[in-house]
Amino acid sequence: MYRFEHVYQGVLQDINFTIEKRDKVILFGPSGAGKSTLLFLLNRLNDPEKGEIYYNDQPIEDHPITQLRKKVGLVLQAPNLFPGTVWDNIKYGPSLFGEWEDHQGKELLEYVQLPSDYLNRDVEQLSGGEKQRVSLARTLANSPEVLLLDEPTSALDYRTAEEIEEVLENLIEEHKLTMLMVTHDLNQARRLGSRGLFLSEGRVAEDGEIPEMFDQPNSKELIKFLEQ
Amino acid sequence: MEPEISNQSLFFLIIFVIVPLALSYYYQLGVSKNVLWSTLRGTIQLFAIGYILTFLFDLPAKYGIPFMLTVMIIIATFHARQKGKELPHVGLILFAGLVVIELGVLGLWLVFDMIQFKPSEVIPMSGMVIGNSMTAMGLALERMKNEFKENNGRLLASLSLGAEPKQASHLIIQRTLHASLIPNVDRLKTIGLVQLPGMMTGLILGGVSPVMAIKYQLVISLSIFSSVSLSAMFITLCMYRYFFNKNKQLLQTAEEISSSHS
(Lines give C-alpha, C1' and ligand atoms only; values in the text may rest on other atoms or scores of the structure.)
Protein backbone atom coordinates (compact mmCIF):
# COMPACT_ATOMS: atom_id res chain seq x y z
CA MET A 1 0.00 0.00 0.00
CA TYR A 2 2.82 2.41 0.99
CA ARG A 3 6.47 2.17 0.08
CA PHE A 4 9.07 4.60 1.40
CA GLU A 5 12.36 4.75 -0.51
CA HIS A 6 15.19 6.79 0.98
CA VAL A 7 12.86 9.48 2.30
CA TYR A 8 14.26 12.59 4.01
CA GLN A 9 12.15 15.32 5.61
CA GLY A 10 13.23 17.56 8.50
CA VAL A 11 14.50 15.26 11.21
CA LEU A 12 13.70 12.11 9.18
CA GLN A 13 16.70 10.52 7.48
CA ASP A 14 16.79 7.77 4.90
CA ILE A 15 13.45 6.20 5.78
CA ASN A 16 12.71 2.91 4.04
CA PHE A 17 9.76 0.63 4.78
CA THR A 18 6.68 -0.89 3.24
CA ILE A 19 3.17 -0.98 4.64
CA GLU A 20 0.74 -3.60 3.41
CA LYS A 21 -3.01 -3.24 3.18
CA ARG A 22 -4.73 -3.81 6.56
CA ASP A 23 -1.49 -3.50 8.52
CA LYS A 24 -1.96 -2.05 11.98
CA VAL A 25 1.22 -0.12 12.47
CA ILE A 26 2.30 1.62 15.65
CA LEU A 27 4.82 4.42 15.23
CA PHE A 28 6.63 5.00 18.47
CA GLY A 29 9.82 6.44 19.81
CA PRO A 30 11.20 9.32 21.84
CA SER A 31 9.86 12.87 21.39
CA GLY A 32 11.34 14.64 18.39
CA ALA A 33 12.07 11.37 16.57
CA GLY A 34 9.91 12.46 13.61
CA LYS A 35 6.77 10.37 14.20
CA SER A 36 4.23 13.11 13.39
CA THR A 37 6.36 14.32 10.49
CA LEU A 38 6.25 10.82 9.04
CA LEU A 39 2.48 10.63 9.50
CA PHE A 40 1.99 13.92 7.64
CA LEU A 41 3.92 12.55 4.66
CA LEU A 42 1.32 9.81 4.22
CA ASN A 43 -1.53 12.14 3.27
CA ARG A 44 0.69 14.84 1.83
CA LEU A 45 0.15 17.44 4.47
CA ASN A 46 3.88 17.57 3.91
CA ASP A 47 6.20 16.32 1.16
CA PRO A 48 9.65 14.72 1.42
CA GLU A 49 12.68 16.87 0.72
CA LYS A 50 14.31 13.83 -0.89
CA GLY A 51 13.27 10.28 -1.73
CA GLU A 52 10.10 8.72 -3.03
CA ILE A 53 6.88 7.55 -1.45
CA TYR A 54 4.62 5.16 -3.35
CA TYR A 55 0.93 4.74 -2.61
CA ASN A 56 -0.75 1.73 -4.23
CA ASP A 57 2.39 1.27 -6.38
CA GLN A 58 2.21 4.77 -7.85
CA PRO A 59 4.34 7.74 -6.78
CA ILE A 60 2.25 9.51 -4.15
CA GLU A 61 2.38 12.81 -6.02
CA ASP A 62 0.65 11.20 -9.03
CA HIS A 63 -2.55 10.83 -7.02
CA PRO A 64 -4.82 13.91 -7.12
CA ILE A 65 -4.06 15.45 -3.74
CA THR A 66 -7.58 16.05 -2.43
CA GLN A 67 -8.66 12.53 -3.45
CA LEU A 68 -5.60 11.08 -1.72
CA ARG A 69 -6.41 12.98 1.48
CA LYS A 70 -9.99 11.74 1.30
CA LYS A 71 -8.73 8.15 1.18
CA VAL A 72 -6.14 8.68 3.90
CA GLY A 73 -7.97 9.99 6.97
CA LEU A 74 -6.15 11.76 9.77
CA VAL A 75 -7.16 12.14 13.42
CA LEU A 76 -5.00 14.46 15.48
CA GLN A 77 -4.35 14.61 19.21
CA ALA A 78 -6.76 17.54 19.61
CA PRO A 79 -10.16 17.00 17.99
CA ASN A 80 -9.96 20.37 16.16
CA LEU A 81 -13.69 20.44 15.54
CA PHE A 82 -15.15 23.23 13.43
CA PRO A 83 -17.54 25.67 15.15
CA GLY A 84 -21.14 24.51 14.80
CA THR A 85 -22.99 21.28 15.46
CA VAL A 86 -21.91 17.65 15.35
CA TRP A 87 -23.87 17.39 12.10
CA ASP A 88 -21.92 20.30 10.54
CA ASN A 89 -18.67 18.57 11.43
CA ILE A 90 -19.38 15.08 10.21
CA LYS A 91 -20.83 16.15 6.88
CA TYR A 92 -17.86 18.45 6.19
CA GLY A 93 -15.64 15.98 4.31
CA PRO A 94 -18.26 14.32 2.07
CA SER A 95 -19.86 17.73 1.34
CA LEU A 96 -16.55 18.89 -0.17
CA PHE A 97 -16.97 16.20 -2.79
CA GLY A 98 -20.78 16.50 -3.10
CA GLU A 99 -21.18 13.03 -1.62
CA TRP A 100 -23.06 13.65 1.63
CA GLU A 101 -26.33 11.81 2.22
CA ASP A 102 -28.36 12.68 5.30
CA HIS A 103 -28.85 9.09 6.47
CA GLN A 104 -25.08 8.85 7.04
CA GLY A 105 -25.33 11.10 10.10
CA LYS A 106 -26.90 8.52 12.41
CA GLU A 107 -24.76 5.67 11.04
CA LEU A 108 -21.56 7.55 11.72
CA LEU A 109 -22.56 8.34 15.28
CA GLU A 110 -23.39 4.68 15.79
CA TYR A 111 -19.90 3.70 14.62
CA VAL A 112 -18.33 5.94 17.24
CA GLN A 113 -20.90 4.94 19.87
CA LEU A 114 -22.62 8.28 20.33
CA PRO A 115 -26.42 8.60 20.61
CA SER A 116 -28.14 9.92 17.50
CA ASP A 117 -29.62 12.90 19.33
CA TYR A 118 -26.09 14.29 19.49
CA LEU A 119 -26.33 15.28 15.84
CA ASN A 120 -27.75 18.71 16.62
CA ARG A 121 -25.54 19.43 19.61
CA ASP A 122 -23.14 22.31 19.52
CA VAL A 123 -19.63 20.87 19.63
CA GLU A 124 -18.73 23.31 22.39
CA GLN A 125 -21.06 21.41 24.73
CA LEU A 126 -19.27 18.07 24.30
CA SER A 127 -16.75 16.49 26.66
CA GLY A 128 -13.17 15.77 25.53
CA GLY A 129 -13.94 12.13 24.78
CA GLU A 130 -17.12 12.99 22.88
CA LYS A 131 -15.25 15.55 20.81
CA GLN A 132 -12.64 12.96 19.86
CA ARG A 133 -15.42 10.54 18.83
CA VAL A 134 -16.93 13.27 16.61
CA SER A 135 -13.50 13.88 15.14
CA LEU A 136 -13.26 10.15 14.34
CA ALA A 137 -16.76 10.14 12.83
CA ARG A 138 -15.81 13.17 10.72
CA THR A 139 -12.81 11.32 9.33
CA LEU A 140 -14.79 8.12 8.78
CA ALA A 141 -17.47 10.03 6.87
CA ASN A 142 -15.02 10.19 3.93
CA SER A 143 -14.86 6.35 3.87
CA PRO A 144 -11.06 6.25 4.07
CA GLU A 145 -8.85 3.24 3.24
CA VAL A 146 -6.17 4.32 5.66
CA LEU A 147 -6.55 5.80 9.12
CA LEU A 148 -3.70 7.92 10.48
CA LEU A 149 -3.89 8.59 14.20
CA ASP A 150 -1.57 11.07 15.87
CA GLU A 151 -1.81 10.30 19.61
CA PRO A 152 -5.62 10.38 19.50
CA THR A 153 -6.08 9.55 23.18
CA SER A 154 -3.12 11.28 24.83
CA ALA A 155 -5.20 14.28 25.91
CA LEU A 156 -7.91 12.08 27.48
CA ASP A 157 -8.19 10.43 30.89
CA TYR A 158 -7.46 6.71 31.19
CA ARG A 159 -11.07 5.53 31.12
CA THR A 160 -12.11 7.70 28.16
CA ALA A 161 -8.94 6.66 26.33
CA GLU A 162 -9.92 3.00 26.77
CA GLU A 163 -13.40 3.69 25.39
CA ILE A 164 -11.96 5.42 22.34
CA GLU A 165 -9.56 2.50 21.88
CA GLU A 166 -12.49 0.10 21.83
CA VAL A 167 -14.25 2.25 19.22
CA LEU A 168 -11.07 2.32 17.14
CA GLU A 169 -10.60 -1.43 17.35
CA ASN A 170 -14.13 -2.07 16.09
CA LEU A 171 -13.89 0.53 13.33
CA ILE A 172 -10.62 -0.82 11.98
CA GLU A 173 -12.04 -4.34 11.83
CA GLU A 174 -15.44 -3.38 10.48
CA HIS A 175 -14.16 -1.00 7.79
CA LYS A 176 -11.09 -3.12 6.95
CA LEU A 177 -8.83 -0.12 7.43
CA THR A 178 -5.09 0.12 7.28
CA MET A 179 -3.97 1.93 10.43
CA LEU A 180 -0.90 3.90 11.38
CA MET A 181 -0.94 5.26 14.88
CA VAL A 182 1.52 7.37 16.79
CA THR A 183 1.38 6.64 20.50
CA HIS A 184 3.53 6.93 23.58
CA ASP A 185 1.41 4.38 25.43
CA LEU A 186 3.03 0.98 24.94
CA ASN A 187 0.07 -0.86 26.46
CA GLN A 188 -2.15 0.79 23.91
CA ALA A 189 0.34 -0.21 21.22
CA ARG A 190 0.08 -3.84 22.36
CA ARG A 191 -3.72 -3.70 22.29
CA LEU A 192 -4.16 -2.01 18.92
CA GLY A 193 -1.07 -2.73 16.85
CA SER A 194 0.21 -5.77 15.00
CA ARG A 195 3.41 -4.18 13.76
CA GLY A 196 5.73 -1.63 15.27
CA LEU A 197 8.02 0.96 13.70
CA PHE A 198 10.41 2.31 16.28
CA LEU A 199 11.81 5.71 15.31
CA SER A 200 14.90 7.10 16.93
CA GLU A 201 16.71 10.28 15.90
CA GLY A 202 14.89 10.39 12.58
CA ARG A 203 15.65 6.79 11.56
CA VAL A 204 13.68 3.54 11.70
CA ALA A 205 15.73 1.82 14.38
CA GLU A 206 13.55 -1.27 14.50
CA ASP A 207 10.66 -2.68 12.49
CA GLY A 208 8.90 -5.77 13.78
CA GLU A 209 5.87 -7.61 15.04
CA ILE A 210 4.00 -6.55 18.17
CA PRO A 211 4.30 -7.80 20.89
CA GLU A 212 7.56 -9.62 19.97
CA MET A 213 9.53 -6.41 19.50
CA PHE A 214 8.54 -5.23 22.98
CA ASP A 215 9.43 -8.57 24.61
CA GLN A 216 12.63 -9.25 22.66
CA PRO A 217 13.97 -5.98 21.29
CA ASN A 218 17.00 -6.22 18.99
CA SER A 219 18.35 -2.70 18.61
CA LYS A 220 20.14 -1.01 21.47
CA GLU A 221 18.03 2.12 20.92
CA LEU A 222 14.81 0.19 21.54
CA ILE A 223 16.26 -1.65 24.52
CA LYS A 224 17.21 1.71 26.03
CA PHE A 225 13.81 3.20 25.20
CA LEU A 226 11.91 0.30 26.78
CA GLU A 227 14.05 0.50 29.91
CA GLN A 228 12.97 4.11 30.40
CA MET B 1 -17.96 84.44 9.60
CA GLU B 2 -14.71 82.54 9.31
CA PRO B 3 -13.53 80.93 12.52
CA GLU B 4 -10.35 82.45 13.78
CA ILE B 5 -7.98 81.38 16.53
CA SER B 6 -5.33 83.98 17.27
CA ASN B 7 -1.71 82.96 17.81
CA GLN B 8 -2.04 84.21 21.36
CA SER B 9 -5.01 81.91 22.03
CA LEU B 10 -3.12 79.06 20.41
CA PHE B 11 -0.25 79.61 22.81
CA PHE B 12 -2.51 78.80 25.76
CA LEU B 13 -2.96 75.29 24.32
CA ILE B 14 0.19 74.62 26.26
CA ILE B 15 -2.08 74.13 29.31
CA PHE B 16 -3.38 70.96 27.68
CA VAL B 17 0.20 69.69 27.53
CA ILE B 18 1.10 70.72 31.06
CA VAL B 19 -1.62 68.45 32.51
CA PRO B 20 -0.23 65.14 31.19
CA LEU B 21 3.31 66.40 31.88
CA ALA B 22 2.43 67.11 35.51
CA LEU B 23 0.75 63.70 35.83
CA SER B 24 3.79 62.00 34.35
CA TYR B 25 6.08 63.85 36.74
CA TYR B 26 3.94 63.30 39.83
CA TYR B 27 3.37 59.59 39.26
CA GLN B 28 6.85 59.03 37.78
CA LEU B 29 5.41 57.56 34.61
CA GLY B 30 8.58 58.35 32.70
CA VAL B 31 6.70 59.61 29.66
CA SER B 32 7.46 63.34 29.98
CA LYS B 33 9.99 63.30 27.15
CA ASN B 34 7.56 61.41 24.98
CA VAL B 35 4.72 63.84 25.73
CA LEU B 36 6.87 66.83 24.84
CA TRP B 37 8.29 65.24 21.71
CA SER B 38 4.84 64.09 20.48
CA THR B 39 3.36 67.53 21.07
CA LEU B 40 6.18 69.27 19.25
CA ARG B 41 6.17 66.78 16.41
CA GLY B 42 2.38 66.89 16.04
CA THR B 43 2.37 70.69 15.98
CA ILE B 44 5.13 70.90 13.38
CA GLN B 45 3.50 68.22 11.24
CA LEU B 46 0.14 69.98 11.32
CA PHE B 47 1.60 73.38 10.44
CA ALA B 48 3.66 71.81 7.67
CA ILE B 49 0.64 70.05 6.21
CA GLY B 50 -1.30 73.33 6.58
CA TYR B 51 1.24 75.12 4.38
CA ILE B 52 1.44 72.21 1.93
CA LEU B 53 -2.34 72.11 1.63
CA THR B 54 -2.49 75.85 1.05
CA PHE B 55 0.04 75.39 -1.74
CA LEU B 56 -1.82 72.38 -3.20
CA PHE B 57 -5.21 74.06 -3.02
CA ASP B 58 -3.82 76.85 -5.16
CA LEU B 59 -2.58 74.42 -7.81
CA PRO B 60 -4.81 73.50 -10.75
CA ALA B 61 -6.95 70.48 -9.70
CA LYS B 62 -5.60 68.20 -12.44
CA TYR B 63 -2.07 68.42 -10.96
CA GLY B 64 -2.68 68.94 -7.27
CA ILE B 65 -5.20 66.12 -6.75
CA PRO B 66 -3.31 63.27 -8.51
CA PHE B 67 -0.07 64.35 -6.86
CA MET B 68 -1.47 64.41 -3.34
CA LEU B 69 -3.51 61.22 -3.77
CA THR B 70 -0.40 59.38 -4.99
CA VAL B 71 1.62 60.61 -2.03
CA MET B 72 -1.13 59.62 0.43
CA ILE B 73 -1.56 56.15 -1.10
CA ILE B 74 2.19 55.48 -1.11
CA ILE B 75 2.53 56.49 2.55
CA ALA B 76 -0.55 54.42 3.46
CA THR B 77 0.88 51.41 1.61
CA PHE B 78 4.17 51.55 3.51
CA HIS B 79 2.38 51.97 6.81
CA ALA B 80 -0.09 49.07 6.30
CA ARG B 81 2.72 46.88 4.93
CA GLN B 82 4.35 46.82 8.37
CA LYS B 83 1.56 44.53 9.58
CA GLY B 84 2.33 41.84 7.05
CA LYS B 85 5.75 42.46 5.55
CA GLU B 86 6.64 38.75 5.63
CA LEU B 87 3.85 38.05 3.14
CA PRO B 88 4.87 38.06 -0.51
CA HIS B 89 3.77 40.93 -2.78
CA VAL B 90 1.91 42.53 0.13
CA GLY B 91 3.07 46.07 -0.76
CA LEU B 92 1.94 45.78 -4.35
CA ILE B 93 -1.42 44.31 -3.38
CA LEU B 94 -2.01 47.00 -0.75
CA PHE B 95 -1.13 49.73 -3.23
CA ALA B 96 -3.42 48.28 -5.91
CA GLY B 97 -6.25 47.88 -3.39
CA LEU B 98 -5.94 51.45 -2.13
CA VAL B 99 -5.84 52.84 -5.68
CA VAL B 100 -8.92 50.90 -6.79
CA ILE B 101 -10.91 51.78 -3.66
CA GLU B 102 -9.96 55.47 -3.70
CA LEU B 103 -10.71 55.83 -7.41
CA GLY B 104 -14.02 54.00 -7.00
CA VAL B 105 -15.14 56.21 -4.12
CA LEU B 106 -13.91 59.40 -5.78
CA GLY B 107 -15.66 58.39 -9.01
CA LEU B 108 -18.97 57.98 -7.19
CA TRP B 109 -18.62 61.31 -5.38
CA LEU B 110 -17.99 63.10 -8.64
CA VAL B 111 -20.56 61.26 -10.76
CA PHE B 112 -23.33 61.93 -8.26
CA ASP B 113 -22.16 65.46 -7.67
CA MET B 114 -21.52 65.01 -3.96
CA ILE B 115 -18.31 67.01 -4.10
CA GLN B 116 -16.51 69.07 -6.68
CA PHE B 117 -13.22 68.21 -8.33
CA LYS B 118 -11.35 70.82 -6.31
CA PRO B 119 -8.25 70.07 -4.21
CA SER B 120 -9.88 71.68 -1.16
CA GLU B 121 -12.70 69.12 -1.31
CA VAL B 122 -11.11 66.01 -2.82
CA ILE B 123 -7.90 65.94 -0.77
CA PRO B 124 -9.33 66.07 2.78
CA MET B 125 -12.21 63.73 1.91
CA SER B 126 -9.88 61.25 0.16
CA GLY B 127 -7.44 61.50 3.05
CA MET B 128 -10.13 60.18 5.36
CA VAL B 129 -11.01 57.31 3.01
CA ILE B 130 -7.38 56.34 2.41
CA GLY B 131 -6.46 56.62 6.09
CA ASN B 132 -9.34 54.46 7.24
CA SER B 133 -8.74 51.92 4.47
CA MET B 134 -5.08 51.75 5.47
CA THR B 135 -5.99 51.01 9.08
CA ALA B 136 -8.58 48.43 8.01
CA MET B 137 -6.09 46.65 5.75
CA GLY B 138 -3.41 46.62 8.43
CA LEU B 139 -5.81 45.26 11.03
CA ALA B 140 -7.14 42.63 8.63
CA LEU B 141 -3.59 41.46 7.87
CA GLU B 142 -2.72 41.23 11.53
CA ARG B 143 -5.94 39.47 12.42
CA MET B 144 -5.60 37.00 9.55
CA LYS B 145 -2.07 36.04 10.64
CA ASN B 146 -3.30 35.43 14.19
CA GLU B 147 -6.26 33.40 13.00
CA PHE B 148 -3.96 31.20 10.89
CA LYS B 149 -1.78 30.63 13.92
CA GLU B 150 -4.65 29.93 16.32
CA ASN B 151 -6.54 27.67 13.94
CA ASN B 152 -3.57 25.62 12.82
CA GLY B 153 -5.15 22.32 13.95
CA ARG B 154 -8.48 23.09 12.32
CA LEU B 155 -6.77 24.01 9.07
CA LEU B 156 -4.82 20.75 9.09
CA ALA B 157 -8.01 18.83 9.88
CA SER B 158 -9.83 20.54 7.06
CA LEU B 159 -7.05 19.97 4.51
CA SER B 160 -6.74 16.36 5.62
CA LEU B 161 -10.43 15.87 4.84
CA GLY B 162 -9.79 16.96 1.26
CA ALA B 163 -10.57 20.68 1.43
CA GLU B 164 -9.06 23.13 -1.04
CA PRO B 165 -7.11 25.97 0.64
CA LYS B 166 -10.02 28.33 -0.02
CA GLN B 167 -12.47 25.97 1.68
CA ALA B 168 -10.09 25.34 4.57
CA SER B 169 -9.61 29.10 5.07
CA HIS B 170 -13.32 29.86 5.01
CA LEU B 171 -13.56 30.19 8.79
CA ILE B 172 -10.48 32.41 8.94
CA ILE B 173 -11.73 34.68 6.17
CA GLN B 174 -15.10 34.89 7.91
CA ARG B 175 -13.56 35.75 11.30
CA THR B 176 -11.14 38.29 9.85
CA LEU B 177 -13.90 40.09 7.98
CA HIS B 178 -16.20 39.95 10.98
CA ALA B 179 -13.55 41.49 13.22
CA SER B 180 -12.86 44.21 10.66
CA LEU B 181 -16.49 45.12 10.09
CA ILE B 182 -17.98 45.03 13.56
CA PRO B 183 -16.26 48.15 14.99
CA ASN B 184 -17.24 49.92 11.82
CA VAL B 185 -20.89 48.94 12.17
CA ASP B 186 -20.86 49.93 15.83
CA ARG B 187 -19.32 53.29 15.02
CA LEU B 188 -22.04 53.98 12.47
CA LYS B 189 -24.76 52.98 14.95
CA THR B 190 -23.71 55.54 17.54
CA ILE B 191 -22.69 58.31 15.18
CA GLY B 192 -23.85 61.69 16.44
CA LEU B 193 -25.14 60.23 19.71
CA VAL B 194 -21.92 59.96 21.67
CA GLN B 195 -19.88 62.58 19.90
CA LEU B 196 -20.29 64.76 16.88
CA PRO B 197 -18.00 63.47 14.16
CA GLY B 198 -14.91 65.57 13.44
CA MET B 199 -15.87 66.64 9.96
CA MET B 200 -19.32 67.78 11.02
CA THR B 201 -17.88 69.70 13.96
CA GLY B 202 -15.41 71.39 11.63
CA LEU B 203 -18.10 72.43 9.19
CA ILE B 204 -20.38 73.76 11.92
CA LEU B 205 -17.46 75.76 13.36
CA GLY B 206 -16.80 76.99 9.84
CA GLY B 207 -20.29 78.48 9.71
CA VAL B 208 -22.08 75.78 7.70
CA SER B 209 -25.63 74.96 8.83
CA PRO B 210 -25.91 71.76 10.90
CA VAL B 211 -28.18 70.08 8.32
CA MET B 212 -25.70 70.74 5.52
CA ALA B 213 -22.88 69.58 7.81
CA ILE B 214 -24.81 66.35 8.40
CA LYS B 215 -25.16 65.78 4.66
CA TYR B 216 -21.38 66.02 4.24
CA GLN B 217 -20.87 63.84 7.27
CA LEU B 218 -23.18 61.20 5.80
CA VAL B 219 -21.26 61.24 2.55
CA ILE B 220 -17.95 60.71 4.32
CA SER B 221 -19.24 58.26 6.95
CA LEU B 222 -20.89 55.97 4.42
CA SER B 223 -17.94 56.28 2.04
CA ILE B 224 -15.59 55.27 4.86
CA PHE B 225 -17.93 52.44 5.89
CA SER B 226 -17.95 51.06 2.39
CA SER B 227 -14.24 51.54 1.68
CA VAL B 228 -13.21 50.00 5.01
CA SER B 229 -15.37 46.95 4.32
CA LEU B 230 -14.00 46.63 0.81
CA SER B 231 -10.39 47.12 1.96
CA ALA B 232 -10.63 44.38 4.57
CA MET B 233 -12.31 42.02 2.11
CA PHE B 234 -9.83 42.80 -0.67
CA ILE B 235 -6.70 42.25 1.38
CA THR B 236 -8.05 39.12 3.11
CA LEU B 237 -9.17 37.47 -0.11
CA CYS B 238 -5.91 38.36 -1.87
CA MET B 239 -3.57 37.26 0.92
CA TYR B 240 -4.98 34.06 2.45
CA ARG B 241 -3.65 31.99 -0.46
CA TYR B 242 -0.05 32.83 0.48
CA PHE B 243 -0.44 30.69 3.60
CA PHE B 244 -0.49 27.59 1.36
CA ASN B 245 1.92 26.21 -1.20
CA LYS B 246 1.06 24.86 -4.62
CA ASN B 247 0.55 21.39 -3.15
CA LYS B 248 -2.25 22.67 -0.92
CA GLN B 249 -0.07 22.36 2.16
CA LEU B 250 -0.24 24.78 5.05
CA LEU B 251 2.82 27.01 5.48
CA GLN B 252 3.35 27.54 9.17
CA THR B 253 6.24 29.96 9.52
CA ALA B 254 7.21 33.26 7.96
CA GLU B 255 10.30 31.56 6.47
CA GLU B 256 8.19 28.85 4.86
CA ILE B 257 5.83 31.47 3.42
CA SER B 258 8.57 33.61 1.92
CA SER B 259 10.65 30.70 0.58
CA SER B 260 7.64 28.95 -0.92
CA HIS B 261 6.51 32.00 -2.89
CA SER B 262 9.89 33.46 -3.82
Side-chain angles (χ1 to χ4, degrees), chain A residues 9-10 36 39-48 60-61 63-84 88-100 123 131-132 134-144 146-150 155, chain B residues 86 88 140 143-182 232-233 236-237 240-262:
Chain A
Q9 164 56 251
S36 299
L39 216 56
F40 280 18
L41 293 173
L42 297 166
N43 68 350
R44 293 198 67 202
L45 279 179
N46 212 343
D47 282 332
I60 200 166
E61 61 274 13
H63 294 266
I65 200 159
T66 50
Q67 288 295 331
L68 174 88
R69 287 176 180 164
K70 181 173 176 277
K71 284 186 218 160
V72 183
L74 172 71
V75 176
L76 297 164
Q77 182 183 358
N80 295 305
L81 299 181
F82 309 128
D88 296 332
N89 272 272
I90 56 179
K91 70 182 277 201
Y92 185 87
S95 302
L96 296 170
F97 301 93
E99 291 172 1
W100 175 252
V123 294
K131 282 183 181 167
Q132 198 56 298
V134 175
S135 165
L136 256 174
R138 182 176 66 180
T139 303
L140 279 181
N142 267 345
S143 311
V146 181
L147 191 57
L148 308 176
L149 303 156
D150 193 0
Chain B
E86 65 277 36
R143 177 80 187 206
M144 185 166 57
K145 286 194 302 184
N146 286 338
E147 289 287 348
F148 266 98
K149 214 177 274 173
E150 279 170 25
N151 288 290
N152 188 283
R154 280 189 180 133
L155 285 158
L156 289 175
S158 178
L159 290 173
S160 77
L161 290 165
E164 295 286 337
K166 189 179 181 181
Q167 294 165 319
S169 315
H170 183 77
L171 178 72
I172 284 167
I173 295 174
Q174 205 180 29
R175 287 190 174 176
T176 305
L177 292 179
H178 188 262
S180 308
L181 297 191
I182 288 306
M233 206 173 291
T236 310
L237 293 177
Y240 81 86
R241 63 195 75 223
Y242 291 108
F243 289 83
F244 301 89
N245 66 13
K246 64 179 185 345
N247 292 331
K248 302 170 187 181
Q249 292 159 342
L250 185 63
L251 303 169
Q252 312 205 24
T253 61
E255 293 76 45
E256 279 181 2
I257 291 172
S258 52
S259 68
S260 180
H261 296 284
S262 58

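Residue numbering restarts at 1 for every chain, and letters A, B, ... go by the order of the sequence lines.
Atom CG of A/Asn46 is separated from atom CD of B/Gln252 by 8.5 Å, given to the nearest 0.5 angstrom. Here B/Glu164 contributes atom CD and A/Thr66 contributes atom OG1; the two are 5.5 Å apart, rounded to the nearest 0.5 Å. With rounding to the nearest 0.5 angstrom, the CD1 atom of A/Ile65 is 9.5 Å from the NZ atom of B/Lys246.
Here the side chains of B/Arg175 and A/Pro83 are in contact, with some heavy-atom distance below 4.5 Å. Using a 4.5 Å heavy-atom cutoff, the side chains of B/Leu161 and A/Phe97 are not in contact.
Each salt bridge (charged side-chain N to carboxylate O under 4.0 Å, His left out) pair with one or both residues in residues 64-78 of chain A, not counting sequence neighbours, appears once here: A/Lys70-A/Glu99.
Each of A/Asn142, A/Leu96, A/Leu68 has some count of heavy-atom pairs under 4.5 Å with chain B, and the biggest count is that of A/Leu96. With respect to chain A, the highest number of heavy-atom pairs below 4.5 Å among B/Leu171, B/Leu250, B/Asn245, B/Asn247 belongs to B/Asn247.
Not a single side-chain hydrogen bond (donor to acceptor under 3.5 Å, both in side chains) links A/Asn43 to another residue, sequence neighbours left out.
Scanning all heavy atoms of the two residues, the minimum distance from A/Tyr92 to B/Ala163 falls at OH-CB, 3.7 Å.
Against chain B, the residues from residues 72-81 of chain A that qualify, each with a non-hydrogen atom under 4.5 angstrom away, are A/Val72, A/Leu74, A/Leu76, A/Asn80, A/Leu81 in number order. Of residues 145-160 of chain B, those residues with a non-hydrogen atom less than 4.5 Å from any non-hydrogen atom of chain A are, in numerical order, B/Gly153, B/Arg154, B/Leu156, B/Ala157, B/Ser158, B/Leu159, B/Ser160.
Panel note: side chain B/Gln249, backbone A/Arg44; a donor-acceptor pair is recorded below 3.5 Å.
Applying the 6.0 Å contact sphere to NE2 of A/His63 captures more than 12 heavy atoms from other residues, nucleotides or ligands.
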